Amino acid sequence: MHPSPPAAQPQSPRDLFVSFTWLALQGFGGVLAIVQREMVEKKKWLTPEQFLEDWAVAQVMPGPNVINLALMIGDRYFGLRGALAALAGMLTIPLVVILALAVLYAHFAGNPQVAAALRGMGAVSGGLIAATGIKLVPQLRKHPLGFATCLSFMALVFVAIAVFKIPLGWVLLAVGGVACVWTWKKIAP
């Protein structure tokens with residue numbers, strides 16, 4: 001099962017740099033929801049199926065998920081130049097902003113209002129991640145294992161991590177390994 005090609009693509013490595021800079025600057029607390037909206041819904045550089053597949057790969061690779069995804073998207077369109085442009089977009093200007101914010105935080109860290117505001121942003125970040133997960137569920141209807149099996153894997157992962165507090169790495173190896181092998185057997189000719 002191969003997803004249909006996206007309707008559009010970045011025009012240049014510079015386009016990747018600017019787009020990923022904009023994504024990173026919007027992503028306080030996490031950029032998953034923003035990347036999905038921008039790459040799939042607005043820019044249409046990825047189909048929903050491609051985004052889901054790429055995000056799954058980005059999560060099992062070492063390093064920050066969104067950086068992995070940026071590298072994959074950049075490489076897909078412009079090879080190494082695209083990967084480096086997307087990476088630079090994710091890191092350059094946001095790094096300057098973070099350094100400035102770190103200086104401000106060091107100065108105002110003892111202020112109770114600052115601490116309360118940061119806790120509030122944590123709740124917003126959790127909501128963004130949950131909303132993106134919910135938006136990705138319909139794509140599972142097209143998965144070779146079937147929708148019910150995919151939901152079962154989702155529930156199993158949630159229970160393993162949230163209830164039993166099993167480290168993510170072990171859950172990915174065990175549950176992800178089973179899902180990968182099962183899917184591979186299902187689609188093998």
Side-chain angles (χ1 to χ4, degrees), residues 1-10 15-16 19-20 22-24 26-27 29-79 82-83 85-87 89-90 124-162 166-189:
M1 172 160 72
H2 296 286
S4 57
Q9 66 181 46
D15 189 12
L16 283 167
S19 296
F20 278 102
W22 177 242
L23 289 173
Q26 295 178 70
V31 295
L32 172 60
I34 296 159
V35 171
Q36 191 275 338
R37 185 182 67 235
E38 292 288 324
M39 296 290 120
V40 175
E41 297 171 17
K42 288 187 177 178
K43 292 187 177 288
K44 299 189 185 313
W45 289 354
L46 298 172
T47 64
E49 295 86 3
Q50 286 174 319
F51 180 80
L52 187 61
E53 290 172 7
D54 287 356
W55 186 251
V57 172
Q59 285 201 321
V60 297
M61 292 170 52
N65 304 339
V66 74
I67 297 293
N68 295 340
L69 184 65
L71 288 166
M72 291 164 52
I73 292 171
D75 179 67
R76 174 178 292 142
Y77 292 111
F78 297 102
L87 177 65
M90 287 298 297
V124 170
S125 178
L128 286 171
I129 292 168
T132 301
I134 291 167
K135 286 174 86 172
L136 294 175
V137 168
Q139 300 311 314
L140 296 177
R141 293 189 185 283
K142 302 172 186 172
H143 195 278
L145 295 180
F147 189 62
T149 302
C150 290
L151 290 179
S152 297
F153 275 118
M154 287 173 56
L156 180 60
V157 168
F158 177 81
V159 168
I161 293 171
I166 299 172
L168 176 62
W170 292 114
V171 174
L172 282 174
L173 283 173
V175 180
V178 169
C180 285
V181 169
W182 193 358
T183 303
W184 180 75
K185 287 184 178 185
K186 188 96 169 177
I187 63 175

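Since we're looking at a predicted model, the values are computed, not measured.
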Please name the pair of heavy atoms, one in [X] and one in [Y], separated by the smallest distance, quoted to 0.1 Å.
| X | Y | value |
| --- | --- | --- |
| Asp15 | Pro10 | OD2-CA, 3.4 Å |
| Ala70 | Ala86 | O-CB, 3.3 Å |
| Val40 | Thr47 | CG2-O, 4.1 Å |

Partner residues of [X] under the side chain to side chain contact (heavy atoms under 4.5 Å, CB included) criterion, sequence neighbours left out:
| X | value |
| --- | --- |
| Leu71 | Ile67, Ala83, Leu87 |
| Leu145 | His143, Thr149, Phe153, Trp182, Thr183, Lys186 |
| Lys185 | Val181 |
| Val159 | Val163, Phe164 |

Of all residues at least two apart in sequence or in a different chain, which pass the side-chain hydrogen bond (donor to acceptor under 3.5 Å, both in side chains) check with Lys135? Gln36, Glu41
I'd like to check Met39 versus Phe20 (side-chain heavy atoms, cut-off strictly below 4.5 Å). Are they in contact? yes
Any side-chain heavy-atom pair from Leu16 and Trp45 closer than 4.5 angstrom? yes
Between Gln139 (side chain) and Leu136 (backbone), is there a donor-acceptor pair under 3.5 Å? no
Distance (rounded to the nearest 0.5 Å) between [X] [atom1] and [Y] [atom2]:
| X | Y | atom1 | atom2 | value |
| --- | --- | --- | --- | --- |
| Phe78 | Gln9 | CZ | CD | 6.0 Å |
| Trp22 | Ile34 | CH2 | CD1 | 9.5 Å |
| Leu69 | Leu23 | CG | CG | 9.5 Å |

Once side chain to side chain donor-acceptor pair (under 3.5 Å) is applied, what residue pairs with a partner in residues 54-68 remain, sequence neighbours excluded? Asp54-Arg76
Taking CZ in Phe147 as the centre, count heavy atoms belonging to other residues, nucleotides or ligands within less than 6.0 Å. Is the count above 12? yes
